[in-house]
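Down below is the structure, laid out as structure tokens.
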2 protein chains.
Amino acid sequence: MATDRDTVLEAAVGVLSRRPTAHLDEIARAAGISRATLHRLFPGREALILEVGMLGLRRFAAALDTAAVEDGDARAALRRLVDAAVPDAALCAFLAGENQLYDDDRLNDLWEVQIARLHALFLRGQQQGVFRIELSAAWLSEAFFDLVAGIGWAVQDGRLAPRDAAFSLAELFLGGALRRPDTTGTPESTDTAPAVQNDPDRKPETDTP
Amino acid sequence: MATDRDTVLEAAVGVLSRRPTAHLDEIARAAGISRATLHRLFPGREALILEVGMLGLRRFAAALDTAAVEDGDARAALRRLVDAAVPDAALCAFLAGENQLYDDDRLNDLWEVQIARLHALFLRGQQQGVFRIELSAAWLSEAFFDLVAGIGWAVQDGRLAPRDAAFSLAELFLGGALRRPDTTGTPESTDTAPAVQNDPDRKPETDTP
DNA sequence: CTATTCTGAGACATCCGTGTCTCATTCGGC
DNA sequence: GCCGAATGAGACACGGATGTCTCAGAATAG
């Protein structure tokens with residue numbers, strides 16, 4: 001069944017996102033299968049890496065879809081995207097580290113499309129007056145993806161609790177590190193939760209001890 | 001002379017930060033030397049990688065020193081750190097991607113020390129009321145380093161102009177992506193440059209076309 | 001100008017990961 | 001309980017990167 005392949009791919013990500021040069025032995029062990037079965041599922045290392053990348057891009061594209069980033073207020077859309085993308089942050093971490101070494105056309109095209117959607121989101125937000133215009137939309141896109149990857153690494157290594165991931169990402173990226181001098185009555189607290197309290201309707205996610 | 005070694009190491013970073021599996025041939029060519037000379041300078045691949053990591057950590061430690069992150073207002077200290085660290089962002093990008101695969105004690109110890117200094121800076125800033133306390137100092141440290149690495153990648157690939165690097169990093173990290181509803185009269189614009197203009201006294205850096 | 005040192009180019013052996021094979025064992029269906 | 005399919009374990013050859021060597025040419029000091 002296809003689920004089996006995806007399970008193996010996710011296990012592979014867990015190893016490859018931290019050590020791109022990991023041997024196939026290690027990946028197979030992490031997936032709980034033998035090297036022979038790994039070879040039966042994927043013709044070779046190159047094919048495995050490619051499929052991991054494709055899985056990551058499919059997940060990120062799905063996150064953009066479920067978040068409906070093309071609709072409505074850009075700030076709310078970004079918050080939705082954070083919630084949708086954080087569960088697959090490990091995949092994104094892998095993509096962030098390895099996307100430049102691919103030379104597969106399908107994957108590169110898919111990558112460009114997703115980045116363009118992210119870019120469009122920030123551009124729209126700037127036109128709406130929601131996002132700052134002093135920072136280019138391209139940089140906002142890239143920095144957002146870098147932080148998603150950082151979330152993935154931090155969660156994977158146990159430095160960040162999964163339940164804090166979405167909040168940490170959204171708050172830092174949207175509001176920055178500086179404490180707001182006075183959060184009462186700021187216009188941006190009208191339709192979203194204020195910066196100083198947790199978003200109550202984010203899903204708690206499973207803890208990984 | 002030792003400068004020669006560092007020159008080779010910087011060339012190696014330019015290749016390794018994007019492709020950790022690059023062959024020694026490629027690294028030697030990027031450094032403008034032959035593979036034989038590369039072997040004369042560094043006993044082997046492992047030693048080369050290790051020295052690249054050590055160089056990155058030394059540079060980052062030097063940036064922490066010159067920025068005097070232990071002194072004064074935390075926000076101003078962070079801005080100084082940004083200016084000091086951005087020129088070596090490529091080194092930091094390499095460290096961010098590879099620091100977990102080292103098992104050298106010297107390097108790991110040095111790494112821990114620098115991260116602790118960064119952590120202390122954010123903790124101090126939180127105690128001063130400068131940085132937000134809803135985000136843990138550990139996450140702020142990690143996210144900051146991730147963004148420095150992102151700056152390094154973006155500049156290296158030509159997606160971000162070097163002259164915009166420090167500004168983009170400082171503004172996004174400190175202020176976030178959301179447009180401030182009203183920047184006039186905020187206490188945080190008293191001792192540092194306002195958010196919307198570039199820092200005039202940062203060094204311009206050479207453009208890489 | 002000469003001698004010393006350093007560098008580049010190439011050849012060579014070695015090591016390690018990969019890809020493929022076979023065979024015993026186990027799981028699941030009948 | 002029997003049979004087929006799938007899996008795991010191991011062996012083995014291949015390929016490529018690495019490490020080491022030699023030698024010719026260039027650079028530099030004297």
Side-chain angles (χ1 to χ4, degrees), chain A residues 1-56 90 93-95 97-104 106-107, chain B residues 1-56 91 93-95 97-104 106-107:
Chain A
M1 52 180 82
T3 311
D4 202 12
R5 284 173 61 90
D6 281 13
T7 303
V8 172
L9 286 177
E10 295 209 42
V13 169
V15 179
L16 288 171
S17 69
R18 335 201 67 264
R19 194 127 59 78
T21 65
H23 307 325
L24 292 184
D25 296 332
E26 199 171 348
I27 298 173
R29 242 184 298 121
I33 61 178
S34 70
R35 199 162 66 90
T37 304
L38 184 63
H39 262 278
R40 289 186 187 103
L41 289 173
F42 305 96
R45 182 190 182 82
E46 194 177 6
L48 174 66
I49 302 286
L50 180 67
E51 296 229 35
V52 171
M54 289 298 291
L55 176 65
F94 177 79
L95 281 176
E98 305 294 301
N99 71 324
Q100 62 267 5
L101 74 82
Y102 284 116
D103 56 351
D104 182 84
R106 280 184 315 149
L107 193 136
Chain B
M1 51 181 81
T3 312
D4 201 13
R5 285 173 61 92
D6 281 12
T7 304
V8 172
L9 287 178
E10 295 208 44
V13 170
V15 179
L16 289 171
S17 68
R18 334 200 67 261
R19 194 126 60 77
T21 66
H23 307 325
L24 292 184
D25 296 333
E26 200 171 347
I27 299 173
R29 244 183 297 121
I33 61 177
S34 69
R35 198 163 65 93
T37 304
L38 184 63
H39 260 279
R40 289 186 187 104
L41 290 172
F42 306 97
R45 182 188 183 82
E46 194 177 7
L48 174 65
I49 302 286
L50 180 66
E51 295 231 32
V52 170
M54 288 298 290
L55 176 65
L91 272 301
F94 177 80
L95 280 177
E98 307 294 303
N99 71 322
Q100 60 266 8
L101 75 83
Y102 285 115
D103 56 351
D104 183 84
R106 281 184 314 149
L107 193 136

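Below, read A as the first sequence line, B as the second, and so on, with proteins coming before strands; counting in each chain starts at 1.
Within residues 21-31 of chain B, the residues having any heavy atom under 4.0 Å from DNA chain D are, by residue number, B:His23, B:Leu24. Of the residues in residues 45-54 of chain B, not one places a heavy atom less than 4.0 Å from an atom of DNA chain C.
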Quick test: give all pairs of protein nitrogen or oxygen and nucleotides 3-8 of chain C nitrogen or oxygen below 3.5 Å, distance rounded to 0.1 Å.
from, atom 1, to, atom 2, distance (Å)
C:dG8, OP2, B:Ser34, N, 3.1
C:dG8, OP2, B:Ser34, OG, 3.1
C:dG8, OP2, B:Thr37, OG1, 2.5
C:dG8, O6, B:Arg40, NH2, 3.1

Pick out the pairs of N or O atoms, protein on one side and nucleotides 13-15 of chain D on the other, that lie under 3.5 Å.
none

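The distance from the CG atom of B:Asp6 to the CG atom of B:Leu55 is 5.0 Å, given to the nearest 0.5 Å. Remark: A:Leu107 CG to A:Leu50 CG distance equals 6.0 Å, nearest 0.5 Å. The line from CG of B:Leu91 to CE of B:Met54 is 12.5 Å long, rounded to the nearest 0.5 Å. B:Ile49 contributes atom CD1, which lies 5.0 Å from atom CZ of B:Phe94 (distance to the nearest 0.5 angstrom). Atom OG1 of residue A:Thr37 and atom CG of residue A:Asp4 lie 9.0 Å apart, to the nearest 0.5 angstrom.
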Could you tabulate the donor-acceptor pairs under 3.5 Å formed by side-chain atoms of residues 8-15 of chain B, not counting sequence neighbours?
from, atom 1, to, atom 2, distance (Å)
B:Glu10, OE2, B:Arg59, NH2, 2.8

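Looking at every heavy atom in both residues, A:Leu95 comes nearest to A:Gly53 through CD2-O, 3.7 Å. Smallest separation of non-hydrogen atoms from B:Ile27 and B:Leu38: CG2-CD2, 4.3 Å. Of all the heavy atoms in A:Ser17 and A:Ala90, the pair that sits closest is CB-O, 4.2 Å.
Evaluation of the salt bridge (Lys or Arg N to Asp or Glu O under 4.0 Å) test over residues 11-21 of chain A, restricted to residues two or more places apart or in two chains, returns A:Arg18-A:Asp157, A:Arg19-A:Glu26. Contacts classified as salt bridge (Lys or Arg N to Asp or Glu O under 4.0 Å) and involving residues 35-50 of chain B (residues at least two apart or in different chains) are given here: B:Asp25-B:Arg35.
For A:Arg29, the salt bridge (Lys or Arg N to Asp or Glu O under 4.0 Å) criterion is met by no residue, not counting sequence neighbours. Listed by chain and number, the residues in a side chain to side chain donor-acceptor pair (under 3.5 Å) with A:Glu98 amount to none (sequence neighbours excluded).
Per the geometry, NE2 belonging to A:His39 stands 16 Å off P belonging to D:dG10, to the nearest Å.
Rounded to 10 degrees, the angle between the two end axes of the helix from C:dC1-D:dG30 to C:dC30-D:dG1 is 30°, with five pairs used at each end.
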